[in-house]
Structure formats: C-alpha cells, structure tokens
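These notes are about the structure you will find just below.
Nothing here was measured: the structure is a model prediction, and the numbers come from that model. Protein chains get the first letters and strands the later ones, always in sequence-line order, with residue 1 at the start of each. Below, each value reflects all heavy atoms present in this structure, side chains not excepted, and no hydrogens, waters or symmetry copies.
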There are 2 protein chains.
Amino acid sequence: MTVSKTASDAVRSSRALRREPVDPAGDDSMLQLGELSGLLGYSLKRAQLKVFEDFLRCVAPLQLTPAQFSVLLLLDKNPGRNQTEIANTLGILRPNFVAMLDALESRDLCARMRSTNDRRSHILVLTDKGRAVLARAKKLVANKHEARLIEVLGPANHAALLEMLAKLAQEF
Amino acid sequence: MTVSKTASDAVRSSRALRREPVDPAGDDSMLQLGELSGLLGYSLKRAQLKVFEDFLRCVAPLQLTPAQFSVLLLLDKNPGRNQTEIANTLGILRPNFVAMLDALESRDLCARMRSTNDRRSHILVLTDKGRAVLARAKKLVANKHEARLIEVLGPANHAALLEMLAKLAQEF
DNA sequence: GATATTTGATATGGTGCATAACGATTATTA
DNA sequence: TAATAATCGTTATGCACCATATCAAATATC
C-alpha cells in the first residue's frame with residue numbers, strides 16, 4: 001500500500017490547482033464580502049493557497065511539493081537526525097511522516113539508515129540525487145517563486161511580511 | 001449519510017488542535033531551519049494554522065469553524081443568493097458546499113428556499129437563530145480573536161499585513 | 001420542439017491530519 | 001538482574017478537505 005501511495009504521489013502536483021473565488025462579473029454582480037475582507041485568517045488562507053499554487057508551478061519540473069521540499073532542506077541542514085526529530089521540527093506527526101519518506105526514498109532522494117547507537121531509529125540521509133534535486137529546487141524557488149513574490153510585494157514589504165508571519169507562527 | 005456527517009461536525013471544533021513544531025530543547029538541540037525560515041509559503045502556512053487555531057478557540061462557545069462563519073457572514077451581507085453564488089465567492093466547490101449547508105441547516109442557522117423565478121435554485125436565508133449566532137460570533141471574533149492579533153502585531157502592522165495578504169490573494 | 005445549459009445533489013477518490021495500537025529496542029527501576 | 005516503562009518506526013483507521021464525474025429537474029437556447 002505504501003508503494004501505490006508513492007506512485008500516485010508522483011502525479012499529484014501535476015494536477016492543476018484552481019479553486020478561484022469566481023465572480024468576474026459572472027452572474028448578477030460582485031457579492032459583498034463584508035467584514036470577511038478584514039478577517040486576517042481569511043486573507044491568510046487565501047494567500048497561502050495562492051503561494052503554494054505558485055510554488056508547485058515553479059518547481060513542477062522536479063515534482064516536489066512544499067512539504068517534500070522542506071524535508072529535503074531539513075535533511076541537508078541537519079545530517080544524522082532520525083525520523084522523529086525531522087518530523088517534529090516540521091510539525092508532521094510520525095505516523096504521517098512514514099509515507100512521506102517512502103515516497104522520497106522510492107525516488108532515491110533520501111535513505112533511511114539504521115543507527116548503530118540506537119537500533120530502533122533511522123538516521124535520515126540525502127542521497128546524491130537528493131542533493132542534486134535539492135540544489136535545482138533551491139534555484140527554481142529563489143529565481144522563479146520567491147522572485148515573483150518580491151516583485152509583487154516589493155522587497156521591503158516582502159521582508160516585513162516574513163517577519164510578521166514568523167512572529168505569528170511563534171508568539172501565537 | 002449527510003445527517004451523520006452533520007452530527008460529527010458538531011463535535012469537530014471541540015477537538016484540541018495541537019501539532020506544534022516541537023523542539024523546546026527536547027532532544028539534543030534545536031534543528032537548523034536553514035532557508036526554510038525565509039520561505040514565505042512556509043511561514044504563511046504556519047501562521048495560518050495558528051490563526052485558525054485561535055479562531056476556533058475564541059468562537060468555540062458557538063461551535064463555528066472559520067468556513068462556517070464566512071458562510072454566515074456572506075448570507076447576511078448578500079440576501080437572496082443561491083448556493084452556487086455563495087459557494088463560488090468563497091472558493092468552495094458546489095458538491096462540497098452541500099454538506100456544509102446541511103450542517104448549518106440542521107442547526108437551524110440558515111435555510112434553503114426554492115426560488116419562484118428559477119425552481120432549480122435554492123435561495124439561502126439566515127434564520128433568526130442564524131442572525132443571533134452570527135452577531136455573537138462577530139463579537140467574539142472582534143473582541144477576542146482579532147483583538148489578540150492586533151495586540152501581538154500592533155495596529156499598523158496588522159493593517160499592513162492585511163493589505164499585503166489581500167494583494168497576494170488577488171494579484172498572484 | 002429538440003438540444004444544450006444550469007442547479008443542486010450523489011457518489012467516489014485522493015490527500016492531509018489525528019489517534020490508537022503493535023513489535024522491536026532501549027531506558028528505568030524494583 | 002529481572003521486571004517494567006518508555007521510545008522508535010510502523011500499521012491501521014477515521015475524519016475533514018478538496019476535486020471530478022455524473023445525475024434528475026428545471027431552464028435557456030436554437
């Protein structure tokens with residue numbers, strides 16, 4: 001079952017994501033959003049969907065989801081860690097992390113190695129292919145995805161936005 | 001099947017939401033996030049989860065999810081609309097909107113009325129109870145949820161954040 | 001009047017998230 | 001040391017969310 005999940009994963013990000021709040025003068029007139037536009041959570045969710053959508057587009061050649069990219073990044077920056085540690089810092093529950101790793105490992109992007117100290121845990125390592133894919137992904141993300149974000153927002157706003165979101169993610 | 005879905009929905013928001021990126025000096029040391037902290041999508045998602053979590057806490061007495069609250073808001077501001085129109089402006093697909101309405105209608109917060117002009121469509125209306133619940137929800141959201149956000153970010157930053165998120169949701 | 005479109009609805013499948021439980025291994029402690 | 005508890009990866013399972021295809025009824029279009 002893990003293998004079939006992996007296979008379907010490979011096609012997933014190629015599916016077009018489109019659930020626009022349609023109303024370009026489609027029916028009668030534009031509906032009134034009311035205090036909805038002042039709800040931070042509402043705009044937050046909407047913006048997040050758009051940004052993820054763009055991420056998938058930009059990194060589509062490599063078939064990486066945002067979550068997969070974050071795993072590869074973490075593995076690169078933190079060698080010698082086990083599944084629990086990586087999953088925890090990403091806010092992923094261990095049971096759900098298993099299938100994620102199965103997918104990455106089946107594509108030879110990373111590997112599980114039984115630890116010699118603690119034979120329960122798996123030390124996670126990037127493969128050479130994993131490092132290569134990560135390097136290409138980083139370039140696509142920086143030059144296409146983030147570049148577009150900075151262009152739309154402006155560099156100063158982009159930085160301010162990042163800071164505020166980080167604050168929300170921490171002190172909230 | 002729609003009814004059982006509704007029944008389980010009523011308990012949903014009471015379930016504690018906790019998937020913190022655990023690492024308060026738990027194991028060895030803090031893992032390096034690397035360029036992850038500079039990824040807007042990452043912080044965006046993290047922040048969105050936190051904000052929704054707080055929304056659910058604040059409005060828990062009324063058992064309303066963010067999506068349900070947005071529906072009630074729209075119905076109040078846009079009387080006489082049908083399911084397709086409401087669902088579209090919220091980015092909800094019509095098939096998925098059916099169960100949402102079933103849940104709200106079973107709690108007597110809104111009602112479907114067959115249109116006299118077009119007997120295919122259902123005109124959606126808030127019930128008296130729906131209006132009352134919405135009024136209470138608005139107060140909770142403003143005085144507890146949004147108030148806390150403004151307190152953490154500062155009023156000016158909060159406004160700037162809203163503006164940037166709205167721009168992302170539109171021009172992206 | 002025949003055909004196409006729209007509306008709400010159903011069925012279905014994929015994906016994410018959460019909990020309980022298990023075997024293997026390690027840590028704790030009686 | 002022996003018994004017990006805790007941890008690691010894993011499986012199974014269920015719910016919520018999102019997406020597509022399809023349907024009957026009603027309407028629009030030709």
Side-chain angles (χ1 to χ4, degrees), chain A residues 1-20 22 26-28 45 48-49 52-53 56 65-68 70 81-88 90-103 105 112-124, chain B residues 1-20 22 26-27 45 48-49 52-53 56 65-68 81-88 90-103 105 112-124:
Chain A
M1 176 172 282
T2 54
V3 180
S4 65
K5 179 75 95 49
T6 302
S8 66
D9 263 0
V11 200
R12 207 187 63 69
S13 58
S14 68
R15 194 194 347 153
L17 307 181
R18 35 182 155 48
R19 65 198 126 358
E20 298 289 307
V22 182
D27 329 330
D28 246 6
K45 175 108 185 229
Q48 186 258 316
L49 288 174
F52 268 44
E53 201 178 326
L56 286 176
T65 66
Q68 290 173 326
S70 69
R81 300 297 187 154
N82 62 24
Q83 298 186 196
T84 298
E85 293 170 314
I86 299 294
N88 276 347
L90 288 176
I92 303 174
L93 295 172
R94 270 94 53 177
N96 301 327
F97 195 48
V98 173
M100 271 196 71
L101 275 186
D102 288 344
E105 204 174 13
R112 303 181 229 224
M113 302 180 44
R114 285 231 104 94
S115 168
T116 51
N117 315 335
D118 187 340
R119 287 172 28 219
R120 289 171 297 186
S121 59
H122 290 163
I123 299 305
L124 299 179
Chain B
M1 177 172 279
T2 55
V3 181
S4 65
K5 178 73 94 53
T6 302
S8 66
D9 263 1
V11 200
R12 209 187 62 72
S13 58
S14 69
R15 194 194 344 154
L17 308 181
R18 36 186 156 44
R19 64 196 128 358
E20 298 289 308
V22 182
D27 330 327
K45 174 106 185 231
Q48 184 258 316
L49 289 174
F52 268 43
E53 202 177 326
L56 287 175
T65 67
Q68 289 173 326
R81 300 295 188 156
N82 63 24
Q83 298 185 195
T84 297
E85 292 170 316
I86 299 295
N88 276 347
L90 288 176
I92 303 174
L93 294 172
R94 271 94 52 174
N96 301 326
F97 195 48
V98 173
M100 271 196 71
L101 275 185
D102 288 344
E105 202 174 15
R112 303 182 230 223
M113 302 180 44
R114 284 231 105 94
S115 167
T116 50
N117 316 335
D118 187 340
R119 286 172 30 220
R120 290 171 296 185
S121 58
H122 291 164
I123 299 304
L124 299 179

Return the polar atom pairs (N/O with N/O) between nucleotides 1-7 of chain C and the protein under 3.5 Å, or none.
{"from": "C:dT6", "atom 1": "O2", "to": "B:Arg120", "atom 2": "NH1", "distance (Å)": "2.6"}

Tell me whether the side-chain N/O atoms of B:Arg112 come closer than 4.0 Å to OP1 or OP2 in C:dA9.
yes
With respect to the phosphate group of D:dC17, does any side-chain polar atom (N or O) of A:Lys45 fall under 4.0 Å of OP1 or OP2?
no
Using whole Å, report how far [atom1] of [X] lies from [atom2] of [N].
X: B:Arg119; N: D:dA28; atom1: CZ; atom2: C1'; result: 15 Å
X: B:Leu93; N: C:dG14; atom1: CG; atom2: C1'; result: 14 Å
X: A:Asn96; N: D:dT10; atom1: CG; atom2: C1'; result: 12 Å
X: B:Met100; N: D:dA16; atom1: CE; atom2: C1'; result: 12 Å
X: B:Ile86; N: C:dG8; atom1: CD1; atom2: P; result: 10 Å
X: B:Leu101; N: C:dA9; atom1: CG; atom2: C1'; result: 12 Å
X: B:Arg114; N: D:dA24; atom1: CZ; atom2: C1'; result: 11 Å
X: B:Leu90; N: D:dC18; atom1: CG; atom2: C1'; result: 15 Å

Hey, what do you get for [atom1] ([X]) to [atom2] ([Y]), rounding to the nearest 0.5 Å?
X: B:Met113; Y: B:Asn82; atom1: CE; atom2: CG; value: 13.5 Å
X: B:Glu53; Y: B:Gln48; atom1: CD; atom2: CD; value: 10.5 Å
X: B:Met100; Y: B:Glu105; atom1: CE; atom2: CD; value: 13.0 Å

The criterion is side chain to side chain contact (heavy atoms under 4.5 Å, CB included); which residues satisfy it with A:Gln83, sequence neighbours excluded?
A:Phe97, A:Val98, A:Leu101, A:Arg112, A:His122, A:Leu124
Please enumerate all residues that pass side chain to side chain contact (heavy atoms under 4.5 Å, CB included) together with A:Arg119, with sequence neighbours excluded.
none
With respect to the side chain of A:Pro95, which nucleotide from C:dA20, D:dA21, C:dC17 is positioned closest?
C:dA20
Using the side-chain hydrogen bond (donor to acceptor under 3.5 Å, both in side chains) criterion, which residues pair with B:Asp118? Sequence neighbours excluded.
B:Arg120
Tell me, do B:Glu85 and B:Asn88 make a side-chain contact under 4.5 Å, heavy atoms counted?
no
Is the shortest side-chain heavy-atom distance between A:Thr65 and A:Ser70 below 4.5 Å?
no
Using the C1' atoms of the five pairs at each end, what is the angle between the end axes of the helix from C:dG1-D:dC30 to C:dA30-D:dT1, to 10°?
10°
